[in-house]
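A note on names: the letters A, B, ... follow the listed sequences, proteins ahead of strands, and every chain is numbered from 1.
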Amino acid sequence: MISDNKCVKNKEIARIFDRIADALEFQGANRFRVVAYRKAARILDDLTEDVSVLAQANKLESLPGIGHAIATKIAEYLSTGTVKKYEEVKKEIPGTLLDLLDIQNLGPKTLALAYKELGVESLKDLKQVIKTGRLEELPQMGKQKVDNIRKGIVLYERAHERLSIAAAEEIAHELIAYLKKETRIKHISAAGSLRRWKETIGDIDILATGPNSRTIITVFTQFPNAERVLAAGTTKSSILVRGGVQVDLRIVNAGSYGAALQYFTGSKAHNIRLRNIAKSKGLKLSEYGVFRGKKQIAGRNERDVYKILGLIYVPPEIREDRGEVELALKNKLPKLVEHRSIRGDLHMHSTYSDSEATIAELATAADAHGYEYILITDHSQSVTYAHGLEPKRLYAQWKEIDRLNKKLRTPHILKGVEVDIRRDGTLDYPDAILKECDFVVAAIHQGFKHKVTERMCRAMQNPYVDIIAHPTGRLISSREGYHIDLHRVMEVAAKTGTWLEINAYWDRLDLNDTNARAAHEQGVSISIGTDAHDIKGIQWMKFGVATARRAWLASKDVVNTYTLKKLRAARKVNRKK
DNA sequence: GCCGTTTTCGGCCCGACTGTTTTCAGTCG
């Protein structure tokens, strides 16, 4: 079960299409058929609408990349629970064989050959034929190739998990600082999914330009935290750092830096769209630039690449082929919210509940960020494991806040709570307390499977509840989240004027990008809060803002870009003080 | 399998690298 159970079907069908694509690839089918299934899988995975609703309205084929054949298969799955084509495929290919495609340097052709000629059906079989030397003897194979597959297996067995954005950013930051210090690098930037601020990162990509690429590569491979050097050529090198994270470095000429940055930032789907546009204009786009015939007409600068193709600049965060290319062609992209527009943090914990930071420390750190206000939102009384505040301690906290506000110029400290939505759907403080708060954040911390949608909707009906925190309850690394009908929650949020949170903590990022976008499209305003439990936590705002940008949000869609005066005015109209 | 301001058929993104080859296939990003 995932957090939005209406869209479970979307994910299920996406997975089936991906498996069909694997199988077709393995069978040596036309590669464009393979691509078609992969694309359909991606479209379904991104979709926040329930695919069965679209099917009922006969609108499946209006989705780009979904044609008659695939629409029929979706309908088939929705009515019968299976896809015949997929069942057939499963019969033809033994069990977990296709999982082995995740092994680096082992592709569909080689795997098919090993299966056909040597009867390889599992990882165990594969290791065996490597050991006995039989794999090496196959046509087109050789010692080196097998050796590379062997290395691939080692990585595969480490169960190579994706990295959190926070961990990836830290490693990239450190590495870039090191390279800048040790070499005469001109330009250097993270690229790939890290530059797009995806919530998790596979490999870290870094792009640079400088006077001596060999030196840069050598210095790169000597990075103190490098565990192993995977490859070191003249323009490209890969290393493994701490715990097996792969970092790829590419060196390009300054004249191609913009095109290369565009190219290596991706996403792949976005790049394919751009290349098609280039082609339709009689141009060619590659990582070296935009070319008319053999003449490079753009490439030094990333913006020029977009410009010459007739697009306005597309910020990295939204390069996912989710409609941004069409709007960029028409100059209609929204102006995305920026980190510097954030005026305050609307979700923070102090030592009164389960944080390591005092209110004064939080305020001082927030001041360094230039914030106008912060909202202190400690846990309420029934969240005992987090040392939730009974009314008496809450009042004591308010007294301290009053004292601090007299003493400090900025930021203004607002009195809030993260009030628990209890199992029975009531709130953990009476209205008499809630109405005295500047702002109220409500959240679910218990009963994840128990009538969550109803409880949350009921909480939003309360005139004093301003924000619902982490609306799906997921933890990226470890927890699926509530059983919840998120679209219903968005509906009620829009109707009652309740704000939904993008929780900026890197393991939450909840709402996520697609859900935040759907919420905005339904007319819901978004609040970004760090959920800071220590001073460092204040920095997570950048991940929240990045998620908002990935959700296509502008400043006006994010309430904590408002001045305090405007923020107060934007509250629920039925709130009476 | 999808798609159409050149097309309802014939295209479908582009290039590097590697290792096996003696002109190229497979894999990756």
Side-chain angles (χ1 to χ4, degrees), chain A residues 17 20-21 23-26 28-43 60-74 83 85 100-114 135-149 151-152 155 191-194 196 201-207 230-238 246-252 256 259-260 262-291 299 305 309 321 325 329:
Chain A
F17 286 162
I20 292 177
L24 289 173
E25 211 169 14
F26 176 81
N30 178 313
R31 65 196 176 95
F32 298 108
R33 264 181 83 203
V34 176
V35 167
Y37 275 105
R38 294 231 189 272
K39 187 172 179 191
R42 186 180 62 81
I43 299 291
L60 286 175
E61 288 182 49
S62 68
L63 294 171
I66 309 275
H68 185 67
I70 286 185
T72 307
K73 289 188 177 69
I74 294 174
V83 177
K85 170 102 188 162
L100 302 185
L101 289 175
D102 287 341
I103 296 170
Q104 251 184 50
N105 305 316
L106 176 65
K109 295 285 194 283
T110 309
L111 186 61
L113 194 69
L135 187 64
E136 197 179 314
E137 290 162 10
L138 292 177
Q140 302 292 331
M141 296 301 290
K143 196 169 176 344
Q144 269 308 312
K145 273 194 160 178
V146 171
D147 212 45
N148 287 337
I149 292 171
K151 285 179 187 161
L155 289 178
S193 48
L194 179 56
R196 303 200 310 280
I201 309 296
D203 300 331
I204 298 173
D205 294 307
I206 295 176
L207 183 73
L230 294 176
T234 52
T235 63
K236 154 178 170 180
S237 174
S238 300
Q246 185 170 333
V247 185
D248 298 334
L249 173 70
R250 314 256 180 170
I251 314 287
V252 295
S256 293
Q262 194 290 314
Y263 173 76
F264 289 114
T265 297
S267 68
K268 192 174 174 176
H270 175 86
N271 286 356
I272 289 174
R273 296 295 311 277
L274 252 52
R275 289 188 173 189
N276 277 319
I277 290 168
K279 209 170 171 183
S280 72
K281 291 178 182 293
L283 305 173
K284 190 182 71 176
L285 171 63
S286 76
E287 59 263 51
Y288 297 105
V290 183
F291 294 86
V305 172
L309 297 178
D321 189 25
V325 174
L329 281 166

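Looking at heavy atoms from C-beta onward, A:Val247 lies out of side-chain contact with A:Asp203 at the 4.5 angstrom threshold. Taking 4.5 Å as the limit, every side-chain heavy atom of A:Asp248 sits out of range of all side-chain heavy atoms of A:Ile206. No side-chain heavy atom of A:Glu25 sits under 4.5 Å from any side-chain heavy atom of A:Tyr37. Side-chain contact between A:Phe26 and A:Leu111 is present, with at least one heavy-atom pair separated by less than 4.5 Å.
Taking the P atoms as reference points, B:dA25 lies 16 Å from B:dT20, given to the whole Å. The separation of B:dG11 from B:dA16, taken at their P atoms, amounts to 25 Å, rounded to a whole angstrom. When the C1' atom is used for both B:dC14 and B:dG4, the distance is 23 Å, rounded to whole Å. Distance check on atom C1': B:dC13 versus B:dC2 gives 16 Å, rounded to whole Å. B:dG1 and B:dT5 have their P atoms separated by 23 Å, with the value rounded to a whole Å. The separation of B:dC12 from B:dT18, taken at their P atoms, amounts to 28 Å, rounded to a whole angstrom. Rounded to whole Å, the C1' atom of B:dT21 lies 12 Å from the corresponding atom of B:dG26.
Residue-level contact check: A:Tyr37 touches the backbone only, with heavy atoms under 4.0 Å from sugar-phosphate atoms and none from bases. Contact annotation for A:Lys268: base contact, defined as any heavy-atom pair under 4.0 Å involving a base atom. When heavy atoms are screened at a 4.0 angstrom cut-off, A:Ile149 is found touching no nucleic acid atom at all. A:Leu106 comes within 4.0 angstrom of sugar-phosphate atoms only, judged by non-hydrogen atoms across all strands, and of no base. Among the atoms of the strands shown, base atoms are found under 4.0 Å from some heavy atom of A:Asn30. Across all strands, A:Lys73 comes closer than 4.0 Å only to sugar-phosphate atoms, never to a base (heavy-atom distances).
Under the Watson-Crick or G-U wobble criterion, with both distances below 3.5 Å, B:dT8 is left unpaired in every strand shown.
From the 5' end on, the contacts that DNA chain B makes with chain A at under 4.0 Å to a non-hydrogen atom open and close at B:dG1 to B:dG29.
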Can you give me every donor-acceptor pair (side chain of residues 265-277 of chain A, partner residue at least two apart or in another chain, under 3.5 Å) with its distance?
from: A:Thr265; atom 1: OG1; to: A:Arg195; atom 2: NH1; distance (Å): 2.8
from: A:Thr265; atom 1: OG1; to: A:Leu261; atom 2: O; distance (Å): 2.6
from: A:Ser267; atom 1: OG; to: A:His270; atom 2: N; distance (Å): 3.3
from: A:Ser267; atom 1: OG; to: A:Arg319; atom 2: O; distance (Å): 3.0
from: A:His270; atom 1: ND1; to: A:Glu324; atom 2: OE2; distance (Å): 2.8
from: A:His270; atom 1: NE2; to: A:Tyr306; atom 2: OH; distance (Å): 2.9
from: A:Asn271; atom 1: OD1; to: A:Gln262; atom 2: NE2; distance (Å): 3.0
from: A:Asn271; atom 1: ND2; to: A:Tyr263; atom 2: O; distance (Å): 2.9
from: A:Arg273; atom 1: NH1; to: A:Asp321; atom 2: OD1; distance (Å): 3.1
from: A:Arg273; atom 1: NH1; to: A:Glu326; atom 2: OE2; distance (Å): 3.0
from: A:Arg273; atom 1: NH2; to: A:Glu326; atom 2: OE2; distance (Å): 3.2
from: A:Arg275; atom 1: NE; to: A:Leu285; atom 2: O; distance (Å): 3.3
from: A:Asn276; atom 1: ND2; to: A:Ile272; atom 2: O; distance (Å): 3.2

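A:Glu136 pairs in a side chain to side chain contact (heavy atoms under 4.5 Å, CB included) with only one of the listed residues (A:Lys143, A:Met141, A:Lys145, A:Gln144), which is A:Lys143.
Taking the nucleotide of DNA chain B with the nearest heavy atom to each of A:Arg31 and A:Pro64, the more 5' of the two is matched to A:Pro64. Along DNA chain B, the nucleotide nearest A:Arg275 and the nucleotide nearest A:Gly107 are compared for position; the residue whose nucleotide lies closer to the 5' end is A:Arg275.
Applying the salt bridge (charged side-chain N to carboxylate O under 4.0 Å, His left out) rule to A:Asp147 yields the partners A:Arg150; only residues at least two apart in sequence or on another chain are considered.
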